[in-house]
Novice: 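Pasting in a structure now, in structure tokens, and then I'll have a few things to ask.
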Amino acid sequence: MCGIVGILGTRAAAPLLVDSLKRLEYRGYDSAGVATLEDGRLARCRAEGKLKHLEDRLKATRLTGRTGIGHTRWATHGAPTESNAHPHATDRLALVHNGIIENYRELRGELEQCGAVFASDTDTEVIAHLIDLGLASGAAPKEAVEAALRRLRGAFAIAVLFGGDDELMIGARRGSPLAIGHGDGEMYLGSDAIALAPLTDQIAYLEDGDLAVLIRTGVDVFDADGRPVERPPTRATVTSLLVDKGNHRHFMLKEINEQPEVVGHTLAHYLDLTGGRCKPLDLGVDFARLDRLSITACGTAYYAGMVARYWFERFARLPIDIDIASEFRYREQPLAKKGLSLVISQSGETADTLASLRYAKAEGQQVAAVVNVEQSTIAREADMILPTLAGPEIGVASTKAFTCQLAVLACLAIAAGRARNVLPEAEEARLVAAFAEVPRLMSQVLRLEDGIEAIARDLGRAEHVLYLGRGTSYPIALEGALKLKEISYIHAEGYAAGELKHGPIALIDEAMPVVVIAPHDHVFEKTVSNVQEVAARDGRIILVSDEAGISAAGVNADRVVVPSMPAEITPLVYALPVQLLAYHTAVFMGTDVDQPRNLAKSVTVE
Ligand code: M6R
């Protein structure tokens, strides 16, 4: 899962490629590279690590060609070294690839027997050698690429340059996204419209199986069966401005602080706040007819789905099946024809979630997508979109997208309750009024930052941390643990508080911090019993609750005192202290908060 870009331009391509790659760094930042063509001669520049290393290296390398390709990598096959960085090249071509070639071992063995010499440990290099073999035997570039692609199993989006031909670039996709940009006497190709935003807003998306032959003045596209097809460009609405951190030290902190505003926008989009009702949702779905709803997502988006299960079951009396997308896609779960599936994804590009969407559609279901990027593949393939209005989320650790997902899901659950005639109008009005308070309460919680930072300094000395919660606080415990481990690299686990006694309690000693998410709700007393079990074993408790909860708990604990609020809205508000706790722990540890090791913002491989 990498970012690729290609330019057939009228100016030096290298600086433009780097600018586009900056917009694709969310897809990976293990290494980066560009290749250009100048008077038919292929030249490459690659560097290990973040893009700034490539930029430094380019200062000393004169790449003046107007035709070029670029790549930012998230390592799958082969360590994140310079030799494994893209573009990969032979004497005849250079190539960038996003995806995974599953049968690369057998292809590599075969190619080596034919005399190919490999310079990397990547799966990608087999594509370069396969195309090279075709060119060596006299095939034209398009035929050589087509023949190579027929040999591949797996997912790919590629861009290929050919030595000796400054006027040609070939792109192709199967599984991974690829967009074509139309300029004025220039043509571009990229993993998404955001990458191409500084160059053009005229974007066409290739369909799965398409192959595109680009020259400086246009493009010919061929579908999976090799037939010429039209993929006309439309105007993309993404901004060409790179989002900046403003006055914040990290994107993550900026995004945490944006939550009152973006959650407010999202709620206002779905709720008639003055009328105390949900706005009519033009989804074409009759909730009254549904027997169940199936929810699929990954990571943080999955935890948003877990919270939503409680809401759908309570507000709408609608049974929910919820799955991690990477499990769902291979479970062969029978799905009711004309039923409804819901996928949740910030990026809209997550490979497992996309595969789940396709599985559900193939089973005859309608698919609704809660997405933040409306130009994404999931948004384009879903039958209906429920946008989250979080704005671009740059920090790899998801924060504002999560709470906006929760906002959308809460509104959908309320709407479903009304449609199923199980949620009285007065209850709808009470819930709408409660959710309308979320932005204000979030702002109050953000003012607790100094106290949370002090607790984080202590947490930063721990090797392991447990997070506990019950009911809708259980997914928040899972989310807190995920946030902490992904940006601070401290091992953390989230548990349903009631599960503590079934195993994890064995871990409790004076060195084990236990973060307890415990609003003073109907399961509070049960959670407090679990807190007492931790206290009795000298565990270090960090209690996140309201005044009533803190005084009722009666244990020695570090406290984060959150305002009191109706139980239904606590997941949105309690998400903020766990985000801040993870953030300040990571800052204290000195890790790369916005681009933590081994991760990428968008996970486009299995
Ligand atoms: O773009 P998506 O919402 O589909 O991404 C799903 C997960 O990869 C994502 O939430 C991941 O877990 C985040 N790094 C969590 O902070």
Side-chain angles (χ1 to χ4, degrees), residues 1 3 24-29 74 176-177 191-192 194 250-253 255-256 259 295-308 322-329 342-358 367 369-379 381-382 385-388 390-406 408-409 467 475-476 478-489 492 494 575-576 578-583 585-586 591-606:
M1 126 209 119
L24 289 174
E25 239 187 338
Y26 74 90
R27 303 175 79 92
Y29 37 78
W74 185 76
S176 306
S191 292
D192 63 24
I194 301 167
H250 296 102
F251 278 110
M252 182 179 178
L253 187 59
E255 288 158 5
I256 289 173
Q259 289 176 105
I295 301 181
T296 320
C298 300
T300 289
Y302 171 71
Y303 298 145
M306 280 182 74
V307 173
I322 175 156
D323 277 273
I324 294 167
S326 54
E327 290 299 316
F328 176 82
R329 61 183 294 188
L342 187 67
V343 295
I344 309 166
S345 175
Q346 187 285 130
S347 62
E349 300 292 350
T350 302
D352 289 316
T353 311
L354 178 60
S356 300
L357 174 155
R358 289 177 179 161
V367 181
V370 177
V371 278
N372 198 38
V373 181
E374 289 191 54
Q375 300 77 19
S376 61
T377 312
I378 287 178
E381 293 198 15
I385 313 175
L386 294 153
T388 47
E393 190 180 65
I394 309 296
V396 163
S398 187
T399 52
K400 61 176 181 168
F402 174 63
T403 44
C404 285
Q405 286 161 353
L406 291 178
V408 174
L409 292 163
Y467 284 72
I476 302 303
L478 291 167
E479 170 63 1
L482 176 63
K483 284 290 88 94
L484 187 72
K485 64 187 146 197
E486 72 179 331
I487 59 170
S488 75
Y489 318 143
L576 274 58
V578 298
Q579 293 166 353
L580 285 168
L581 199 56
Y583 171 76
T585 307
T591 58
D592 189 340
V593 170
D594 286 331
Q595 294 187 324
R597 70 183 183 204
N598 305 338
L599 294 175
K601 183 71 184 154
S602 172
V603 185
T604 57
V605 294
E606 279 198 55

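Predicted model, so just to flag it, every value in this text is computed and none were measured. For ligands, and for the atoms within them, numbers begin at 1 and follow the listed sequence.
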Novice: Is there any N or O on Thr353 that sits under 3.5 Å from an N or O of ligand 1?
Specialist: no
Novice: With heavy atoms of Ser398 as the reference, note each atom of ligand 1 found under 4.0 Å away.
Specialist: 15 (C), 16 (O)
Novice: Side-chain donor-acceptor pair under 3.5 Å between Tyr26 and Asp192, yes or no?
Specialist: yes
Novice: Just to confirm my output: which protein heavy-atom neighbour is closest to atom 14 (N) of ligand 1, and how far is it?
Specialist: Glu486 OE1, 2.9 Å
Novice: Please determine, by modelled atom types, if Gln346 and Thr388 share a side-chain donor-acceptor pair under 3.5 angstrom.
Specialist: no
Novice: Return yes or no for this condition: an N or O of Ser347 is under 3.5 Å from an N or O of ligand 1.
Specialist: yes
Novice: Any heavy atom of Ala397 closer to ligand 1 than 4.0 angstrom?
Specialist: yes
Novice: Would Val396 count as a polar contact of ligand 1, with the cut-off being nitrogen or oxygen pairs under 3.5 Å?
Specialist: yes
Novice: Under a plain distance cut-off of 3.5 Å, with no hydrogens placed, do Thr399 and Gln259 share a side-chain donor-acceptor pair?
Specialist: no
Novice: Tell me the contacting part of Glu349 for ligand 1: side chain, backbone, both, or neither, using a 4.0 Å heavy-atom threshold, strictly below.
Specialist: neither
Novice: Rounded to the nearest 0.5 Å, what separation is found between the CD atom of Glu486 and the OG1 atom of Thr591?
Specialist: 10.5 Å
Novice: Any N or O of Gln405 that comes nearer than 3.5 Å to an N or O of ligand 1?
Specialist: no
Novice: Quick one: does Ile394's side chain get under 4.5 Å of Lys601's, heavy atoms only?
Specialist: no
Novice: Give me the nearest non-hydrogen protein atom to atom 3 (O) of ligand 1 as residue plus atom name, then the distance to 0.1 Å.
Specialist: Gln346 N, 2.6 Å
Novice: What is the closest protein heavy atom to atom 9 (C) of ligand 1, and at what distance does it sit?
Specialist: Thr300 N, 4.1 Å
Novice: Which protein non-hydrogen atom lies closest to atom 8 (O) of ligand 1, naming both residue and atom, and how far is it?
Specialist: Val603 CG2, 3.9 Å
Novice: Are a donor atom and an acceptor atom from the side chains of Ser602 and Glu349 found within less than 3.5 Å of each other?
Specialist: no
Novice: Show the atoms of ligand 1 that are less than 4.0 angstrom away from any heavy atom in Ala301.
Specialist: 3 (O), 10 (O)
Novice: What protein heavy atom is closest to atom 4 (O) of ligand 1, reported as residue, atom name and distance in Å?
Specialist: Thr350 OG1, 2.4 Å
Novice: Please could you name the atoms of ligand 1 that Lys483 approaches to less than 4.0 Å, counting only its heavy atoms?
Specialist: 15 (C), 16 (O)
Novice: Please tell me if the side chains of Ile322 and Tyr302 come closer than 4.5 Å, counting only heavy atoms from C-beta onward.
Specialist: yes
Novice: What are the two closest non-hydrogen atoms of Ser347 and Val373, and how far apart are they?
Specialist: O-CB, 3.5 Å
Novice: OH of Tyr303 to CD of Gln405: how many Å apart, nearest 0.5 Å?
Specialist: 13.0 Å
Novice: How far is atom 7 (C) of ligand 1 from its nearest protein heavy atom, and which residue and atom is that?
Specialist: Cys298 O, 3.7 Å
Novice: Would you call Glu381 and Arg358 a salt bridge, taking side-chain N to carboxylate O under 4.0 Å as the test?
Specialist: yes
